[in-house]
Amino acid sequence: MQTLTLTLPDDFHVHFRDGPMLAETVPATARAFGRAIAMPNLSPPVRTPQEALEYMDRLRKALPPDVEFEPLMSLYLTEATTSARIQEAQRLGILAAKLYPAGATTNSEAGVGDLEALYPVFEAMQAEGLLLLVHGEATDPEVDIFDREAFFIERHLRPIIAAFPELKIVLEHISTEEAVEFVNDGPPTLAATITPQHLLLNRNDMLAGGIRPHHYCLPVLKRRRHQEALRRAAISGSSKFFLGSDSAPHERQRKEASCGCAGVYSAPFALELYAEAFDQLDALDRLEAFAGHFGADFYGLARNKSKVTLVREPWTVPLKIDLPNGGQLVPLMAGHTLHWKLAAR
Ligand code: NCD
Ligand code: ZN
């Protein structure tokens, strides 16, 4: 039997949601991760440091007993965010703020329309050391959905980086070769997260032979060339690319609908899913740094001290997960065989 022992990883991009859903999502992530950045796109969003602390409390209350797990909090930037709010966030231990271009994705309606209006806030974040987490997709309806990331990078992200050379920026859930190149060529203040679905799938897996709503997420899966660029980036050993699952649960009936929600639920098996991708690329020796070192280093956090162990053992991802409210989630790769399983933490 083969085993793989890794530094306990962190997940730098998770949608836990709120309310009864937390009984599913928080234990799911805490099972294999030591920390996770909790995305603030609740409805209504987490806009103030006070709201973030209250949300952190709800996340902590949803933890199983004796599990060591630390939710890391982020603020949702709106056009009403002030520099004073950023300073307060810093004082209260909030690490980051998330930029959602208005209308780009789930619960982004309160996001930012005019990015330049936010420059004073970016200035404050740079001064306070808060990270800027970016949903990097243009929202101009004229821009083709497959081009929105590349367009955002050139039109919006490049100027932000030029204007704020000390602001740490994470381009979240990158989905294109253009993003990989941009991050690789960018300054050391720029990094990116990569999801398991963007490593394991391309748009054929969503659209060929029938539409598969459970593979629909934003940024939308791209053609194979992009998947391959992401796979190369993940296993490259570059510390600019690290784990952020973007686990984003939506109940089955909201995915399997005439207008289905964007988001893939991967939390319960996220580490196994990444192991699968790295194994496919014969690069399991690169998994530990991607999952447990580079993200912590970029955030300026100490790496976790404890370990997790995966064993090589085929198993089948369940077809569904039942929620406390009677609803269901369909996890990423439902019904598929994976080859690594968490054995111990
Ligand atoms: C996320 C969600 O559902 O909150 N959806 C997604 O497709 N990734 C939002 C986001 O990260 O874009
Ligand atoms: Zn997300």
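When a ligand or atom number is given, it counts from 1 through the structure's own listing order.
Put simply, the side chain of R224 never gets that close to the backbone of N204: no donor and acceptor are under 3.5 Å apart.
The 4.0 Å heavy-atom shell around ligand 1 contains residues H13, H15, R17, N41, T105, T106, H135, H173, C217, L218, D246, A248, H250, A262, G263, ordered by chain and number.
R155 has no carboxylate O lying under 4.0 Å from a charged side-chain N of D140, or vice versa, which leaves the two without a salt bridge.
The shortest heavy-atom contact between R35 and L301 is NH1-CB, 3.7 Å.
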Distance-only criterion, 3.5 Å: show the donor-acceptor pairs between side-chain atoms of residues 193-201 and protein atoms not counting sequence neighbours.
{"from": "T193", "atom 1": "OG1", "to": "E172", "atom 2": "OE1", "distance (Å)": "2.9"}
{"from": "T193", "atom 1": "OG1", "to": "H173", "atom 2": "N", "distance (Å)": "2.8"}
{"from": "T195", "atom 1": "OG1", "to": "Q197", "atom 2": "N", "distance (Å)": "3.3"}
{"from": "T195", "atom 1": "OG1", "to": "Q197", "atom 2": "OE1", "distance (Å)": "3.3"}
{"from": "T195", "atom 1": "OG1", "to": "H198", "atom 2": "N", "distance (Å)": "2.9"}
{"from": "T195", "atom 1": "OG1", "to": "H198", "atom 2": "ND1", "distance (Å)": "2.7"}
{"from": "H198", "atom 1": "NE2", "to": "P219", "atom 2": "O", "distance (Å)": "2.9"}

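The environment of CG in D144 is crowded: more than 12 heavy-atom neighbours from other residues, nucleotides or ligands sit within 6.0 Å. Environment of CD in E68: sparse, with no more than 12 heavy atoms of neighbouring residues, nucleotides or ligands closer than 6.0 Å.
Of all protein atoms, those that are N, O or S and lie under 2.8 Å from the Zn ion (ligand 2) total 3.
Between F278 and W340, the gap from one ring centroid to the other reaches at least 6.0 Å. In this structure, F12 has its ring center no closer than 6.0 Å to that of F298.
Sorted by first then second residue, the salt bridge (Lys or Arg N to Asp or Glu O under 4.0 Å) pairs that include residues 24-34, not counting sequence neighbours, are R31-E272.
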